[in-house]
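Just follow the structure's listing: the first ligand is 1, and inside any ligand the first atom is 1.
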Amino acid sequence: MGTIVAIDGPAGSGKSSTAKLVAKGLGFVYIDTGAMYRAVTLQTIKKNIDVKNIDEVTKVATEMNIEFKWIDGEHHTFVDGEDVSRKIRTTEVAELVSPVSTIPAVREYLAELQRKMAKEDNVVMEGRDIGTNVFPEAEFKIFMKADVRVRAQRRIADYQKVGQEIDFEQIVEELKRRDKIDSSRKHSPLKKADDAIEIDTTCLKFEEQVEKIIKIVKEGSF
Ligand code: DC
């Protein structure tokens, strides 16, 4: 097992963009576990399966093949060979991903897949439960948080990238709703691990938070 850097936190806390650059800076493999839950949700929508149908959603999760690839400096997600990078970022997927990710069998399957993906490499893995559930023994655990309105501004920029214009207050509500489901679910909820270092990115510049985490890993301790 290589070195694991676990980065957890709520939607819009800056996790994804930070984790990608931290991985590049350290030469580690980057694993976006949120993209995996989103990919399962997208397949569920495509197949017209009700997210309440636990057995069917679990079947979709266990039968699909998820891969990540870097293409021209951009991180892409593939499902059964199709590039779904844009489709998994739409509001339709965002609305249903939290209920999908409350299903214990889906979580157990994806967590095992995440452990396998990290088997032979040094990795930066980002999500909600990496430091608490997937790799409780990770050497480095970061928990990122930020004010909900700052997070909403960041999400607007994400949606613009996939061509969706969304009202600011609507995003604030979506984030609050997702935070609530993600933090209150029974199985591996969004929660800071006791031994994680907390970084509040509300007032931090992006480059500062990337540098901060790279320094922590390079110096070998918190
Ligand atoms: O980070 P994100 O917004 O792409 O994550 C999408 C959803 O996936 C999030 O609302 C909760 C779920 N998720 C999870 O439950 N556990 C993870 N490790 C990562 C994401």
Side-chain angles (χ1 to χ4, degrees), residues 4-20 23 30-45 51 57-58 60-61 66 68 75-77 79 84-118 123-136 138 141-146 148 151-159 161-162 164 166 171-193 196 201:
I4 313 264
V5 182
I7 304 187
D8 291 301
S13 57
K15 271 185 326 268
S16 294
S17 29
T18 305
K20 271 183 210 147
Y30 164 66
I31 299 172
D32 175 359
T33 65
M36 298 168 80
Y37 287 93
R38 285 171 181 269
V40 173
T41 308
L42 179 68
Q43 285 298 90
T44 306
I45 296 170
V51 292
V57 179
T58 306
V60 164
I66 307 176
F68 294 125
H75 189 260
H76 289 251
T77 306
V79 169
V84 295
S85 314
R86 282 170 70 89
K87 288 186 190 155
I88 59 170
R89 303 288 159 200
T90 58
T91 47
E92 291 75 20
V93 170
E95 260 166 40
L96 291 173
V97 67
S98 281
V100 164
S101 60
T102 58
I103 302 173
V106 170
R107 300 204 67 79
E108 272 148 33
Y109 176 77
L110 290 184
E112 208 37 54
L113 192 58
Q114 289 150 17
R115 289 184 195 110
K116 277 193 199 131
M117 284 176 155
V123 300
V124 174
M125 189 175 285
E126 60 126 321
R128 303 289 189 289
D129 62 337
I130 312 306
T132 51
N133 174 50
V134 182
F135 286 112
K141 295 183 189 178
I142 312 287
F143 191 86
M144 295 180 65
K145 62 175 206 177
V148 71
R151 295 196 276 131
Q153 273 158 1
R154 294 176 184 157
R155 271 288 131 126
I156 286 190
D158 289 344
Y159 282 129
K161 277 187 214 148
V162 292
Q164 290 193 308
I166 315 284
I171 296 198
V172 170
E173 285 318 307
E174 181 216 303
L175 288 176
K176 284 186 180 164
R177 190 182 60 84
R178 269 216 281 156
D179 286 353
K180 194 163 171 239
I181 305 179
D182 294 348
S183 326
S184 60
R185 68 170 172 243
K186 273 210 185 84
H187 193 302
S188 50
L190 166 68
K191 181 173 160 283
K192 177 185 163 301
T201 68

Undergrad: Are side-chain heavy atoms of T44 and L96 found at a separation under 4.5 Å?
TA: no

Undergrad: Does R178 reach the side chain of V97, with side-chain heavy atoms less than 4.5 Å apart?
TA: yes

Undergrad: With a 4.0 Å cut-off on heavy atoms, is R155 touching ligand 1?
TA: yes

Undergrad: Could you tell me, atom by atom, which parts of ligand 1 come under 4.0 Å of a heavy atom of K15?
TA: 1 (O)

Undergrad: Heavy-atom distance under 4.5 Å between the side chains of T41 and I45, does that happen here?
TA: yes

Undergrad: Out of R185, Q114, R107, which one pairs with D129 under the side chain to side chain donor-acceptor pair (under 3.5 Å) rule?
TA: R107

Undergrad: Does Q114 approach ligand 1 within less than 4.0 angstrom via side chain, backbone, both or neither, non-hydrogen atoms only?
TA: neither

Undergrad: In terms of residue, atom name and distance, what is the protein heavy atom nearest to atom 6 (C) of ligand 1?
TA: R178 NH1, 3.5 Å

Undergrad: Among R128, E174, R185, whose heavy atom sits nearest atom 5 (O) of ligand 1?
TA: R128

Undergrad: If you measure from each heavy atom of R107 to ligand 1, is any distance below 4.0 Å?
TA: yes

Undergrad: Distance check, rounded to the nearest 0.5 Å: L113 atom CG versus I66 atom CD1?
TA: 6.0 Å

Undergrad: Is any side-chain heavy atom of R89 closer than 4.5 Å to a side-chain heavy atom of Q164?
TA: no

Undergrad: Parallel, tilted or perpendicular, judged at 30° and 60°: which one describes the rings of Y30 and H75?
TA: perpendicular

Undergrad: Side chains of T58 and Y109, heavy atoms from C-beta outward: is any pair under 4.5 Å?
TA: no

Undergrad: Give the atoms of ligand 1, by number and element, whose distance to some non-hydrogen atom of D182 is under 4.0 Å.
TA: 9 (C), 10 (O), 11 (C)

Undergrad: Looking only at N/O atoms, are T33 and ligand 1 under 3.5 Å apart anywhere?
TA: yes

Undergrad: Identify the closest protein heavy atom to atom 12 (C) of ligand 1: which residue and atom is it, and at what distance?
TA: S101 OG, 3.6 Å

Undergrad: Evaluating non-hydrogen atoms only, which member of E126, H187, M36, R38 is closest to atom 4 (O) of ligand 1?
TA: R38

Undergrad: Just wondering, do D32 and E126 contact through their side chains at under 4.5 Å, heavy atoms?
TA: yes

Undergrad: Atom 18 (N) of ligand 1: which protein heavy atom is closest, and how many Å away?
TA: D129 OD1, 2.8 Å

Undergrad: Show which atoms of ligand 1 fall inside a sub-4.0 Å distance from at least one heavy-atom site of S98.
TA: 10 (O)

Undergrad: Would you mind running through ligand 1 and noting each atom that sits below 4.0 Å from a heavy atom of R89?
TA: 4 (O)

Undergrad: Which is closest to atom 20 (C) of ligand 1 by heavy-atom distance: G34, S13, A94?
TA: G34

Undergrad: Looking only at distances, can you tell me whether any N or O atom of D32, backbone or side chain, sits closer than 3.5 Å to an N or O atom of ligand 1?
TA: no

